[in-house]
J.: 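Please read through the structure below; I'll follow up with questions.
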There are 2 protein chains.
Amino acid sequence: MAETKTTPGVQSVERAFELLELIGRAGGEAALSELALDTPLPLPTIHRLLRTLVGIGYVRQLNNRRYALGPRLIRLGEVANRQLGALSTPILQNLVNELGESASIAVLDGDMVTYISQAQSPHAMRMITEVGRRSSLHGTSVGKAILAVLDNDRVQRLVNQAGMPAHTPKTITTMHQLFDELEAVRARGYAIDEEEQELGVRCLGMSVPGAPTPMAVSVSGPVTRVTDEFASRAEPYLRAATTQLSAALAVTTG
Amino acid sequence: MAETKTTPGVQSVERAFELLELIGRAGGEAALSELALDTPLPLPTIHRLLRTLVGIGYVRQLNNRRYALGPRLIRLGEVANRQLGALSTPILQNLVNELGESASIAVLDGDMVTYISQAQSPHAMRMITEVGRRSSLHGTSVGKAILAVLDNDRVQRLVNQAGMPAHTPKTITTMHQLFDELEAVRARGYAIDEEEQELGVRCLGMSVPGAPTPMAVSVSGPVTRVTDEFASRAEPYLRAATTQLSAALAVTTG
DNA sequence: CCAATTTTTCCACAATCCGGAAACTTTGAC
DNA sequence: GTCAAAGTTTCCGGATTGTGGAAAAATTGG
């Protein structure tokens, strides 16, 4: 399997989390056999891992025998969120104060992006992204910003896996277009979503350098406000935000 | 350690989650050596497990070398929360509609309770409990309701571990008092927090039967409204709520 | 700059986890 | 109601995988 130089890693732990992810991706609930389709693991192995997770409360078993994410995960998520929120909220809020448009943070999660934090624009007409919401990589500014810092192999793999559904007539739908676009993103330093996700909405996204999990910050608003002039004005603030976030993630915060 | 008849369970997975819990309990961030104090595991083992978790993004390493919960946990927590929220919100809301006081759900989490869901009273003076907030077992109605369904050994162990700090002059502070109180809870079918957590606040708490993780529902309000008459009126609604929740947790919901 | 502490790497042993096969349970068809 | 098919769970021998003592590296403090 072309192992290159990854760290060892405890297999059963990695597999257990893979199963949690799969259940999460399936909407929070899945049958044993469904999980078996999405993973090369043999059924007894999946079953044993799930049984373990059920035993410690991170998965619960419904009486259809299906498996769902357990309540104990909520707490862990809360703590992680609070930690990250404490770091990210002031940074995002500052972006909103300076630029007047909604700002958010998303992480790479499987073959999509997941929004983990947001600060909203004071405008009545504003972009709202629920925390926890997932979007495609190829059709969002955060997604493209993240892809731009990954190597081409990985981009290819992720996008092949997820497909390239068009959300609007402007969505990028071919790999060739996408690679051109990523080249432009790298040259520019940030990604632009030109109504590719939703008509009338334009977003600027910039990667957080050196983040533990690939991660990006974006500002979004209606095309009427998020103009090229806006982008020029926004760039240094985005740069500052990603730099601060990078530092905050790496350094302890008490 | 007096292993009795627990299911096998994959050790490395159990240990990995134990570490996540410990980090969470330490406020979301801990050093390797700190973790070593709270667990009998040898340092290299802890280190290897953490390295694995870092590799897959569930833990991140700060550049003090300390370990913090990673951003990927947020997503899992969100999904679990959404699932549970979908089940619990209408049930809690119904309680609020019928009784007019704030209702919440808490789970046993280590030696404390964690609130995982809430619906607020329409009154201006109302009880607000943030989701994710933790409280003591001996000083809350949910805590006492949960303890009442556990066996005495476990109660003893949990409470010894957590201690019995007094939040108000009415808080139970001795093990003897507590066991008497739990007896009363069992007889009554639900627990009462008589201003033991906060003066002026009275709560009724009832356990969810057969929950995967020990769990309880409560309604809380000012003593002036949460009278004994209120309790009599509330009991059947609480009973209905815990029964519904029990069923909803066990049965799939699409 | 050197000593003490903490974190990380190494490696041989064997305990732990793995997964094929089979038993059991549920679902659906007749 | 009965039987077949699909899905789930248990078993268990074998070897891969994870374990943890010991030592090296890195960091902190004096």
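Below, chain A is the first sequence line, B the second, and so on; all start at residue 1.
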J.: C/dT6 C1' sits how many Å from B/Ile46 CD1, rounded?
T.: 13 Å
J.: From A/Leu182 CG over to A/His138 NE2, what is the distance, rounded to the nearest 0.5 angstrom?
T.: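 So the gap between those two atoms works out to 12.0 Å.
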J.: Rounded to the nearest angstrom, tell me the gap between atom CD in B/Glu14 and atom P in C/dT16.
T.: 12 Å
J.: Should B/Gln61 be listed as having a side-chain N or O under 4.0 Å from OP1 or OP2 of C/dT8?
T.: yes
J.: OP1 or OP2 of D/dT9 versus the side-chain N and O atoms of A/His47: is any pair under 4.0 Å?
T.: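 A/His47 to D/dT9 OP1/OP2: side-chain N or O found under 4.0 Å.
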J.: Would you mind reading off the distance between A/Leu19 atom CG and C/dC18 atom P, rounded to a whole angstrom?
T.: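 In whole Å, C/dC18 P lies 11 Å from A/Leu19 CG.
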J.: Closest to the A/Val10 side chain: D/dG7, D/dT19, C/dT7?
T.: D/dT19
J.: Is it true that atom CZ of A/Arg133 has more than 12 heavy atoms of other residues, nucleotides or ligands lying nearer than 6.0 Å?
T.: no
J.: Quickly work out the B/Leu49 CG to D/dG18 P distance and round it to whole Å.
T.: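 B/Leu49 atom CG is separated from D/dG18 atom P by 10 Å.
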J.: Taking only side-chain nitrogens and oxygens of B/Thr45, does any of them come within less than 4.0 Å of OP1 or OP2 of D/dG18?
T.: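 Answer no for this pair, as no side-chain N or O of B/Thr45 is under 4.0 Å from OP1 or OP2.
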J.: Hey, does the side chain of B/Ser12 come within less than 4.0 Å of C/dT16's phosphate (OP1/OP2), counting only N and O?
T.: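 Indeed not, no polar side-chain atom of B/Ser12 lies that close.
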J.: Test your reading of the model: is there a side-chain donor-acceptor pair from B/Arg66 to the backbone of B/Gln61, 3.5 Å cut-off?
T.: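 Judged by distance alone, no pair lies under 3.5 Å.
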J.: Nearest whole Å is fine: how far is C/dT7 C1' from B/Leu41 CG?
T.: 16 Å
J.: Rounded off to whole Å, could you give me the CZ-to-P distance for the B/Arg66 and D/dT28 pair?
T.: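 From B/Arg66 CZ to D/dT28 P: 12 Å.
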J.: Taking only side-chain N and O atoms of B/Arg51, does any of them lie within less than 4.0 angstrom of OP1 or OP2 on C/dT9?
T.: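 Result: yes.
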J.: Between B/Leu62 (CG) and D/dT27 (C1'), how many Å, whole number?
T.: 16 Å
J.: Under 4.0 Å from OP1 or OP2 of D/dT27: is there any side-chain N or O of B/Arg65 that close?
T.: yes
J.: One pair to check against side-chain hydrogen bond (donor to acceptor under 3.5 Å, both in side chains): B/Ser218 and B/Ser104. What are the steps and the verdict?
T.: CA-CA 5 Å; B/Ser218 71; B/Ser104 38; 3.3 Å; yes
J.: Base, sugar-phosphate alone, or nothing: which one does A/Leu43 contact when heavy atoms must sit under 4.0 Å apart?
T.: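 Base, at least one base heavy atom under 4.0 Å.
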J.: OP1 or OP2 of D/dG7 sitting under 4.0 Å from any side-chain N/O of A/Tyr67?
T.: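 Answer is no, no contact under 4.0 Å.
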J.: Return whichever of A/Arg15 or A/Pro44 has its heavy-atom-nearest nucleotide of DNA chain D closer to the 5' end.
T.: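 Nearest nucleotide further toward 5': that of A/Pro44.
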J.: Do the ring centers of A/Tyr67 and A/Tyr58 come within less than 6.0 Å of each other?
T.: no
J.: So, under a plain 3.5 Å distance rule, would you say the side chain of A/Arg48 forms a donor-acceptor pair with the base of C/dG19?
T.: yes
J.: For the pair made of CD in A/Glu34 and P in D/dA6, what is the distance, rounded to whole Å?
T.: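 Going from CD in A/Glu34 over to P in D/dA6 covers 16 Å.
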J.: Looking at A/Gln11, does any N or O in its side chain come under 4.0 Å of the phosphate oxygens OP1/OP2 on D/dT16?
T.: no
